[in-house]
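First up is the structure itself, then whatever we jot down about it.
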Amino acid sequence: MKIFEEIESEVQSYARSFPRVFHKAQGSYLYDEEGTQYLDFLAGAGTLNYGHNNPILKQRLVDYIVEDGITHGLDLHTKAKGEFLETFKECILDPRQLEYRMQFTGPTGTNAIEAAMKLARNVTGRENIITFTNGFHGCSLGALAATGNAHHRGVAGTSLGGVTRVPFDGYLGDDIETTEYLDKVLTDTSSGVDLPAAVLVETVQGEGGINAASLKWLKNLEAVCKKHQVLLIVDDIQAGCGRTGTFFSFEPAGIKPDIVTLSKSISGYGLPFAIVLFKPELDQWKPGEHNGTFRGNNLAFVTAKAALETYWRDDAFAEQVRLKGQYIEDRLNAVVEELGEGTFSVRGRGMMRGINCVSGEFASQVTRACFKRHLMIETSGAEDQVVKFLCPLTITQEELKQGLDIVEQAIREVCAKTDDMPEERHYFDENYDIAV
Ligand SMILES: *Cc1c(COP(=O)(O)O)cnc(C)c1O
């Protein structure tokens, strides 16, 4: 359609990878104007964990709108907000013995990061924040300073300061424990690294190439923070809300961050919504100090509450995510073993997975070959060398198998491997006890 070229800015990104005009969506599928169906393994870059237009969430939203529920109320107490807070406490915080205050920020992830960094700096009276190689935290200036990606940083147009970058887990090879380096520079008063207010980390780096920190590394990181009285901020904007197989991505590491940011899938429905959680003693904001017109999206409160009640009252849904994650890992490992041992590798945790194709050109040929087969899937990483799997967590067994078959066929095509997939790859046996 000509209008997009005519007046939409060149800043478009995802639209370039999938040049169609999309019109409808349901569950794991998007549909273009002609009605062609596409299986969606991008899912709003992790924003649609419960699928497109999830029917349960949609019904609650429609009922709320029809009854003239409040859509915008600044930060007024509303019934929808109160019910969301109660449900979040009951379904998420209490069962995990977490005690956090909740701040509603502007509705995007980068707004939550700005608030988290500002809070940490003000509470500690220190400026520096430790961030990690290949980290991604958003594109507004504070969050951008914490982001590694040169393409994004390059257009800041002003200096990006107040952070010190240290190597993420695995950055210097499997044998080097990079938290020891952090401990060392924070201990040495002449290291040149100022004592920071906080350490800001993703447990699984999404945009940075699906790099999963080991649980041990996360534990060590928390210990280093405690030792030096530095706050630990976990950016769970992409890895949270169940993506890795638990509601918060840090749960299996047994750590309790001081501050947590959530956005992307927290509304459950793709509605803009972001929150910051912090330990009660950190709640040192004065009234209105960090203001904003769109703090707390009431429509998102309604769908977020519905999502929590539907999927997070017990562990059954999370267990399904772990099983599907295992299936994805096994399928990708089989591909690597056959086609790419020594070159390709499988990355990630739970249903946040990637296959590292080493070359960005190879990975983009794979995603293009997938799109020809009506599968939408994107790349990430410094060279866009990682094909990343972010399909809805609610995806059915059949859809998941279909998507992985397409990716494998695409990889075989790009490898110029024309013979068919091995027969055993078509399994989806009882090892994966996935409820359809
Ligand atoms: C997407 C993302 C952000 C930024 O969120 P926006 O809504 O795009 O501003 C921050 N951190 C992580 C880990 C993300 O994946």
Side-chain angles (χ1 to χ4, degrees), residues 27-29 39-52 54-57 91-92 95-96 203-204 206 210-215 218 236 238-254 264-265 268 307-338 345-355 375 377 386-408 421-436:
S28 306
Y29 294 101
L39 186 56
D40 189 2
F41 270 35
L42 174 58
T47 305
L48 296 159
N49 280 5
Y50 314 106
H52 290 274
N54 182 300
I56 303 166
L57 279 52
C91 294
I92 304 299
R96 291 166 182 77
T203 64
V204 184
I210 317 292
N211 312 313
S214 73
L215 302 182
L218 292 169
D236 232 5
Q238 189 163 154
C241 301
R243 176 56 56 185
T244 63
T246 48
F247 185 82
F248 294 110
S249 68
F250 53 80
E251 288 174 46
K264 290 205 164 84
S265 270
L308 295 177
E309 283 175 347
T310 307
Y311 298 103
W312 296 100
R313 279 219 182 276
D314 56 37
D315 194 49
F317 177 70
E319 177 60 18
Q320 289 291 306
V321 173
R322 294 193 285 271
L323 287 166
K324 289 174 194 175
Q326 188 60 52
Y327 176 70
I328 299 171
E329 182 180 0
D330 291 348
R331 286 283 312 252
L332 295 180
N333 276 332
V335 174
V336 169
E337 233 169 77
E338 191 204 338
S345 56
V346 180
R347 299 188 167 188
R349 189 147 67 78
M351 287 179 76
M352 188 164 180
R353 291 284 174 178
I355 181 163
L375 173 74
I377 189 163
V386 177
V387 177
K388 66 170 180 188
F389 296 75
L390 291 173
C391 51
L393 307 182
T394 50
I395 193 167
T396 67
Q397 162 176 322
E398 197 44 44
E399 291 160 353
L400 184 56
K401 174 177 159 5
Q402 197 180 39
L404 281 155
D405 286 352
I406 292 174
V407 175
E408 178 162 355
M421 274 193 293
E423 195 55 38
E424 69 269 17
R425 212 87 94 225
H426 295 274
Y427 67 92
F428 208 131
D429 62 25
E430 59 287 347
N431 288 337
Y432 309 100
D433 189 18
I434 297 172
V436 192

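- Here the CD1-CG distance, from I395 to D40, works out to 9.0 Å after rounding to the nearest 0.5 Å.
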Requested in this report: I would like to know whether F389 and L332 meet side chain to side chain contact (heavy atoms under 4.5 Å, CB included); could you show each step before the answer?
Outcome: CA-CA 11 Å; F389 296 75; L332 295 180; 3.7 Å; yes
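- The minimum heavy-atom distance linking M351 with V321 is given by the pair CG-O, 3.6 Å.
- The line from CD1 of I328 to NZ of K401 is 14.0 Å long, rounded to the nearest 0.5 Å.
- Using a 4.0 Å cut-off between charged nitrogen and carboxylate oxygen, D236 and R243 do not count as a salt-bridge pair.
- Between G206 and Q238, the shortest heavy-atom distance links the atoms CA-OE1, 3.8 Å.
- When all heavy atoms of Y29 and H52 are compared, the pair lying nearest together is O-CD2, 3.8 Å.
- Here the shortest heavy-atom pairing between L375 and G403 reads CD2-O, 3.7 Å.
- Proximity of a side-chain donor or acceptor of S265 to a complementary backbone N or O of G46 within less than 3.5 Å is detected.
- In this structure F41 satisfies the ring pair (Phe, Tyr, Trp, His ring centres under 6.0 Å) test with no other residue, sequence neighbours excluded.
- Side-chain contact between I355 and I210: absent, with no pair of heavy atoms (C-beta onward) separated by less than 4.5 Å.
- In this pair, W312 and F247 present their aromatic rings perpendicular. The plane angle is above 60°, beyond the 30 to 60° band.
- Minimum interatomic distance between R96 and C91 (heavy atoms only, all atoms of both residues): NH1-O, 3.2 Å.
- Between Q320 and L393 there is no side-chain heavy-atom pair separated by less than 4.5 Å.
- Between the side chain of R349 and the main chain of A239, no donor-acceptor pair closer than 3.5 Å is present.
- Between E309 and R313, the shortest heavy-atom distance links the atoms O-CG, 3.3 Å.
- The OH atom of Y50 sits 8.5 Å away from atom CG of L57, with the distance rounded to the nearest 0.5 Å.
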Report task. Start with the C-alpha gap between K388 and R347, add the side-chain angles, then the distance that decides, and say whether side chain to side chain contact (heavy atoms under 4.5 Å, CB included) holds. Result -> CA-CA 9 Å; K388 66 170 180 188; R347 299 188 167 188; over 6 Å; no
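- Note that CZ of R353 is 14.5 Å distant from NZ of K324, once rounded to the nearest 0.5 Å.
- Judged by distance alone, the side chains of D330 and Q326 do bring a donor and an acceptor atom under 3.5 Å apart.
- Rounding to the nearest 0.5 angstrom, the gap separating the OG1 atom in T310 from the CG atom in N54 is 7.0 Å.
- A donor-acceptor pair under 3.5 Å links the side-chain atoms of N49 to the main chain of C241, judged by distance alone.
- In this structure the side chain of L400 reaches within 4.5 angstrom of the side chain of C391, judged on heavy atoms.
- At a threshold of 4.0 Å, the pair E319-R322 counts as salt-bridged, since one of the basic side-chain nitrogens sits closer than that to a carboxylate oxygen.
- Here F250 contributes atom CZ and T203 contributes atom OG1; the two are 9.0 Å apart, rounded to the nearest 0.5 Å.
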